[in-house]
Protein chains: 2
Amino acid sequence: METEQFQQVRRFNRVVTGRIGVLSDNYLGSGRPLGEARLLFEIGRDGANVRDLRERLSLDSGYLSRLLRSLERQGLATSQRASGDARVRRVALTPKGRKEWNALDRRSQDLAVSLLAPLGERQRERLLAAMEEVERLMRASSVTIEPVDPGSVDARRCIEAYFRELEERFEAGFDPARSTSADPGELVPPAGLFIIARLDGQPVGCGALKVNGRRVGEIKRMWVAPSARGMGIAQRLLEALEKHAVEIGLDVLQLDTNRSLNEARALYARNGYAEIPPYNTNPYAHHWYEKRGLKRQNSPESKRIGGRP
Amino acid sequence: METEQFQQVRRFNRVVTGRIGVLSDNYLGSGRPLGEARLLFEIGRDGANVRDLRERLSLDSGYLSRLLRSLERQGLATSQRASGDARVRRVALTPKGRKEWNALDRRSQDLAVSLLAPLGERQRERLLAAMEEVERLMRASSVTIEPVDPGSVDARRCIEAYFRELEERFEAGFDPARSTSADPGELVPPAGLFIIARLDGQPVGCGALKVNGRRVGEIKRMWVAPSARGMGIAQRLLEALEKHAVEIGLDVLQLDTNRSLNEARALYARNGYAEIPPYNTNPYAHHWYEKRGLKRQNSPESKRIGGRP
DNA sequence: TCCATTACCTGACTATAGTCAGATAAATGA
DNA sequence: TCATTTATCTGACTATAGTCAGGTAATGGA
């Protein structure tokens, strides 16, 4: 990465926070302290549980409690025990509070208007397109990848979603029991690995590495949530698995895949996997791939290549 | 403008402030109160005048004074009378302060790194390009256009810059005295108009309207600072002048221009100006343009078109 | 059934940010 | 030269934001 690139990010940072900051101070500076305004806005039209508010705004519970009391004193919100769990409180806006909420919402709309209004049609379109791209890629860059226990809740949730999707996409449906298995025990370090990708804390993808021989590993369970596709997550999962494979001394990676998973096949082809004859009897597999010479290619010096555009 | 567009802006706002905000809290949350950190950073490697700091950070003078005192107590900065004007104080960082400054600078670098590092080469390039576009267009949208007295300091500065540029670009140089004049008196409402474009308070362009007959006006002094080109400012200046022309009842606009000003000619052509025979004897003019039927075209209902891409 | 946990609240703090009304000294313009 | 303006400082405030240590009641699992 070049210095020039960092400069660009910093310039962006400055301009954007300058422009959005000023206007969004205003958006929240509604004659009401920032904390209260944020809270009021976060409660929303439909109300919310105090617990969720605390997490979303990451506020100290005492502080939040006091803020809520203040809103209640001003007649903007009311709270009562949540049905189901009497420990949690549910807050809702009063009609007066809803009016304030609308005012805040309008302010945030005004920001958008004041940003777009001075521009011509063409510039406006370009700004919006660029904003969408920045937003998408910044979200992509906030995706984290980490190893987890394949038996953990998040991992199991990913695998279930993965199986459900296979069931849907394979012409003949999918029954995990008939597929070549990957026992959770095989996907635990140091031999194997199970990793998941998270976006804002939520799991949005997974991948696994299984060791099949002294120098041969197998890629399994590669999946990305439909909502998170096009962010280059599969590429990063694959890279992470390859990196681990190298670390534990593997030199060859194999995998099988179904003919209806086109993106997957494109991904593997892009990353140097070559099609080989069947190495197993997985009834759902139509294509088998192999990548040799991992160590050479994934040495620390080599630069990243590719990544979904 | 569509609701969908506002939604995009708001989504962008949320994601960007979420991601940059968190990291830039960190960037300034250097174990030091935000105000102090901002001030320390703003003083910069080379020091600054207290007056400028006050304006840049828009702080209350008492508050700033106290913050400075605090930095001095911590041995991070020193201040002395500015040479030249003994009222103003000049603040400079001590070696220790400079070290802190570097730490802050590094943090801001880290933000850039953490944003770019998870992305692949291709995504990184796209993010940077999109950031540049957003930055450029947000700057463009913060350009304001307002009428000023043509004799004001800012107006005169623009005109001087304009003349200097003509001098440079015309094959035969440029002498204001030989050109067809526009007396400042002619560029004052209600008859004429002189407008300037500002970016961050600084004048970056101008334009004028002169009334030549009961229904005929003339566009003069159209100029945009080289540093602010490609932001659609000329287009907006022209639109503002046309709008005023309509308001004061003009129906025809004329203008002349030199053959070396290609962007200008493209601008006029794009906006419905047609080349006509010479209507004056300006020795620097090679092309004469006219736009008829202003009232019809620039009615409040009609949408903006064009704008520099 | 009981005990750890969870969700929330209260009281007692502290730190940060910011405002406002003068006071002082240098510079500026008539 | 003298009144005004400018740049800064000081003292005396207030508001906001946030922390922390306990307390109470409901919940859930052993």
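Note that the structure is predicted; figures quoted are calculated from it, not measured. So you know, we letter chains A, B, ... as the sequences are listed, proteins then strands, and number each from 1.
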In this structure, how many angstroms lie between the [atom2] atom of [N] and the [atom1] atom of [X], rounded?
{"X": "A:L67", "N": "C:dC8", "atom1": "CG", "atom2": "C1'", "answer": "14 Å"}
{"X": "A:L34", "N": "D:dA17", "atom1": "CG", "atom2": "C1'", "answer": "10 Å"}
{"X": "A:N49", "N": "C:dT6", "atom1": "CG", "atom2": "P", "answer": "17 Å"}
{"X": "B:R38", "N": "C:dT16", "atom1": "CZ", "atom2": "P", "answer": "15 Å"}
{"X": "B:D52", "N": "D:dT6", "atom1": "CG", "atom2": "P", "answer": "16 Å"}

I'd like to know if the side chain of [X] pairs up with that of [Y] as donor and acceptor (distance under 3.5 Å, no hydrogens or angles considered).
{"X": "B:S70", "Y": "B:Q74", "result": "yes"}
{"X": "A:S79", "Y": "A:R89", "result": "yes"}
{"X": "A:R69", "Y": "A:S65", "result": "yes"}
{"X": "A:E72", "Y": "A:T78", "result": "no"}
{"X": "A:R11", "Y": "A:Q8", "result": "yes"}

Choose from D:dC9, D:dT16, C:dA17 the nucleotide whose nearest atom is closest to any side-chain atom of B:L68.
->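 Looking only at side-chain atoms, B:L68 lies closest to D:dC9.
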Side chain of A:R54: nearest nucleotide among C:dC9, C:dC8, D:dA7?
->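 Looking only at side-chain atoms, A:R54 lies closest to C:dC8.
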Heavy-atom contacts under 4.0 Å between residues 70-92 of chain A and DNA chain D, which residues?
->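 Of all residues in residues 70-92 of chain A, the ones placing a heavy atom under 4.0 Å from DNA chain D are A:R81, A:G84, A:D85, A:A86, A:R87.
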For DNA chain D, what residues of residues 57-66 of chain A have any heavy atom nearer than 4.0 Å?
->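 Result for residues 57-66 of chain A: A:D60, A:Y63, A:R66, sorted by number.
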Pairwise side-chain contact, A:R139 with B:V15, heavy-atom cut-off 4.5 Å (strictly under) =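 Yes. Closest side-chain heavy atoms under 4.5 Å.
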Under the salt bridge (charged side-chain N to carboxylate O under 4.0 Å, His left out) criterion, do B:D105 and A:R10 qualify, and how do the steps go?
-> CA-CA 10 Å; B:D105 193 56; A:R10 296 176 71 168; 2.6 Å; yes
What closest approach, in Å, do B:R81 and B:A86 show between heavy atoms, and which atom pair accounts for it?
->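 In this case the closest contact between B:R81 and B:A86 is NE-O, 3.7 Å.
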Would [X] and [Y] pass as an ion pair if we require N to O under 4.0 Å?
{"X": "B:R136", "Y": "B:E133", "result": "yes"}
{"X": "A:R54", "Y": "A:D60", "result": "no"}
{"X": "B:R32", "Y": "B:E100", "result": "yes"}

Estimated bend of the helix from C:dT1-D:dA30 to C:dA30-D:dT1 (axis per five terminal pairs, rounded to 10 degrees) |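 It comes to 20° between the two terminal axes.
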